[in-house]
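Notes to accompany the following structure.
Both counts, for ligands and for their atoms, begin at 1 and track the order of listing. Scope of the values below: all heavy atoms of this structure, side chains included, with no hydrogens, waters or symmetry mates.
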Amino acid sequence: MHIYQLMQQELDLLQAQGNLRALNRMQHEGRYIASGQEKLLNLASNDYLGIAADIALRQEFLDTLDVRHFVPSASASRLMTGNFPVFEELEHELAGLYHREAALLFDCGYHANTGILPAIARRDTLILADKLVHASLIDGIKLAGVPYYRYRHNDMQHLEKLLQQHAGAYDNLIIVTESLFSMDGDEAPLARLVSLKERYPHVLLYLDEAHAFGVRGARGLGCAEEADCIPSIDFLVGTLGKAAASAGAFVVCNRLSRDFLINKVRPFIYTTALPPVVVAWSLFVIRRLGGMADRRRRLAFLSEKVHQALISRGRKDLSTSHIIPLLVGESDRTVTQAGEMRRRGIHALPVRPPTVPEGSARIRISLRADLTDEEINHLIDNL
Ligand SMILES: *Cc1c(COP(=O)(O)O)cnc(C)c1O
């Protein structure tokens, strides 16, 4: 069959399963999305602190720029001529915040995860990853081309068993997990992970804080800050496109690792560096993150309110964060229910396979700190 015919067949199949994806055009107005006549509250973005919707903050940043400092392109990889001073300023800032030796920026979290894991995995490495890690981590593990096991989600007994079974047979092991899981909104038991890891000198811990950076911890550094275990995380990845309302990603690690990654990570070497103006905005935001504890408290308060409402209605609520999945099951029904919420002015997206396991389609609500009391009550009335 011709490849175009095969493509059509696969699209038809996705359509029949209710899993066909398409792009929707979005007009953003702060925390609202305008779509035709409708104005929908945006509970599907990752702008958890409302920074992306904060016009005053954006204006403040623009006021720091003049045409010389507005550099829209790095015009090269950082290893060529793209290493503008602002990159190292941001890395220095991040390393300082985490009290670690070094930080390294990437164009995005997908690049970080698909680049770092293949670089650091050696021929005698075993990777142990949580069953529910993000697609970018799965792709990184596959690209690494080394043996791996997926342990049951957040199941430390399973992980410990795998460690006992295999630690002797490999020179190096890497445990890979998210801190706050993007689809379930629950958290990895960091203290237990760290204590497990520390029993084995040849086990490294790789932690993806994409949904926790900015949001958790007293200074917004993530779950590892909250659990007071930053020094025990060998590779701590944060992304800048979510709560930090910018673009890019970083890893904090030791100096040796940074030097190594600069030489070995293909999505670092073979890609144009981020636009310097974007990095300047990231730096601008990150310098203010520590002072945004009021936004973090508001988000925690709103999350607690929604969790309580769900529990009081007898719903099973697995989330412990601002990411709240409403499990439905079948894709079709999930899409219908998301449409129902939409009619009530709430934009929350159905998440379907293959993003989540078969039969666990859900509506995923991402709360945001800039919701008013009225808006959160409206949401609770329409859950
Ligand atoms: C969003 C996300 C990424 C990818 O980050 P981008 O900067 O958007 O490429 C990586 N890991 C997790 C857990 C994520 O949720």
Side-chain angles (χ1 to χ4, degrees), residues 21 23 43-49 51-52 87 90-91 94 103-119 127 129-144 150 153-154 174-188 190 193 205-216 221-224 233 235-253 261 265-268 271-275 278-279 281-282 285-286 319-325 349 351 354-357 362 364-368:
R21 300 159 188 237
L23 294 171
L43 297 182
S45 100
N46 304 313
D47 184 20
Y48 304 131
L49 298 180
I51 296 175
F87 286 85
L90 178 53
E91 287 167 347
L94 284 164
L104 185 65
L105 284 173
F106 296 87
D107 282 14
C108 63
Y110 188 86
H111 277 185
N113 287 336
T114 54
I116 298 171
L117 286 167
I127 294 176
D130 188 283
K131 186 76 188 138
L132 292 189
V133 292
H134 189 260
S136 58
L137 290 163
I138 295 171
D139 291 358
I141 292 165
K142 291 195 171 153
L143 277 171
R150 310 276 300 275
H153 179 51
N154 278 344
I174 307 171
I175 300 173
V176 175
T177 185
E178 283 169 55
S179 60
L180 206 163
F181 283 84
S182 54
M183 289 302 142
D184 289 39
D186 59 347
E187 292 162 51
L190 286 188
L193 271 166
L205 189 51
Y206 185 108
L207 183 67
D208 182 337
E209 295 250 41
H211 294 275
F213 180 68
V215 170
R216 303 298 285 264
L221 300 180
C223 293
I233 315 292
F235 296 89
L236 188 156
V237 171
T239 63
L240 301 173
K242 289 173 176 144
S246 185
F250 63 86
V251 62
V252 289
C253 53
L261 295 176
V265 172
R266 294 172 67 86
F268 178 85
T271 197
T272 303
L274 284 167
V278 169
V279 181
W281 164 248
S282 299
V285 169
I286 282 167
S319 165
T320 55
S321 70
H322 57 287
I323 297 171
I324 303 176
L349 285 185
V351 186
T355 307
V356 293
R362 64 201 63 185
R364 179 176 178 275
I365 292 176
S366 303
L367 295 176
R368 43 191 309 149

Nearest protein heavy atom to [atom], by residue and atom, and its distance?
{"atom": "atom 7 (O) of ligand 1", "result": "Gly109 N, 2.7 Å"}
{"atom": "atom 10 (C) of ligand 1", "result": "Ser136 OG, 3.4 Å"}
{"atom": "atom 11 (N) of ligand 1", "result": "Asp208 OD2, 2.6 Å"}
{"atom": "atom 14 (C) of ligand 1", "result": "Lys242 NZ, 2.8 Å"}
{"atom": "atom 4 (C) of ligand 1", "result": "Tyr110 N, 3.6 Å"}

Next item on the list: For the pair Arg216 (side chain) and Glu209 (backbone), establish whether a donor and an acceptor sit closer than 3.5 Å, ignoring hydrogens and angles.
Entry: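 Here the side-chain-to-backbone pair does not exist.
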Next item on the list: Measure Ala210 to ligand 1 on non-hydrogen atoms and call it side chain, backbone, both or neither using the 4.0 Å cut-off.
Entry: side chain
Margin query: Tell me the contacting part of Asn46 for ligand 1: side chain, backbone, both, or neither, using a 4.0 Å heavy-atom threshold, strictly below.
Written below: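 Contact part for Asn46 vs ligand 1: neither.
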[X] neighbourhood, listing ligand 1 atoms whose heavy-atom distance to it stays under 4.0 Å:
{"X": "His211", "answer": "14 (C), 15 (O)"}
{"X": "Asn113", "answer": "10 (C), 11 (N)"}
{"X": "Glu178", "answer": "13 (C)"}

Next item on the list: Say whether Arg364 and Thr355, considering side chains only, have a donor N or O and an acceptor N or O under 3.5 Å apart.
Entry: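 Not at all, the side chains of Arg364 and Thr355 share no donor-acceptor pair under 3.5 Å.
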Margin query: For the residue pair Asp186 / His153, report whether a side-chain donor-acceptor contact shorter than 3.5 Å exists.
Written below: yes
Next item on the list: For Tyr206, enumerate each residue passing the ring-ring contact (aromatic ring centres under 6.0 Å, His included) test, keeping only those at least two apart in sequence or located in another chain.
Entry: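 Tyr206 satisfies ring-ring contact (aromatic ring centres under 6.0 Å, His included) with no residue once adjacent residues are dropped.
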Next item on the list: May I ask you to decide if the ring planes of Tyr48 and His211 are parallel, tilted or perpendicular, using 30° and 60° as cut-offs?
Entry: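 Tilted, since the angle between the ring planes falls between 30° and 60°.
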Checklist line | With Leu43 via side-chain contact (heavy atoms from CB on, under 4.5 Å) - residues at least two apart | finding: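 Residues passing side-chain contact (heavy atoms from CB on, under 4.5 Å) with Leu43: Leu41, Ile346, Ile365, Arg368, Leu371, Leu379.
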Checklist line | Residue pair Val133 / Asn113, side-chain heavy-atom distance below 4.5 Å | finding: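 Side chain of Val133 against side chain of Asn113, heavy atoms only: no contact under 4.5 Å found.
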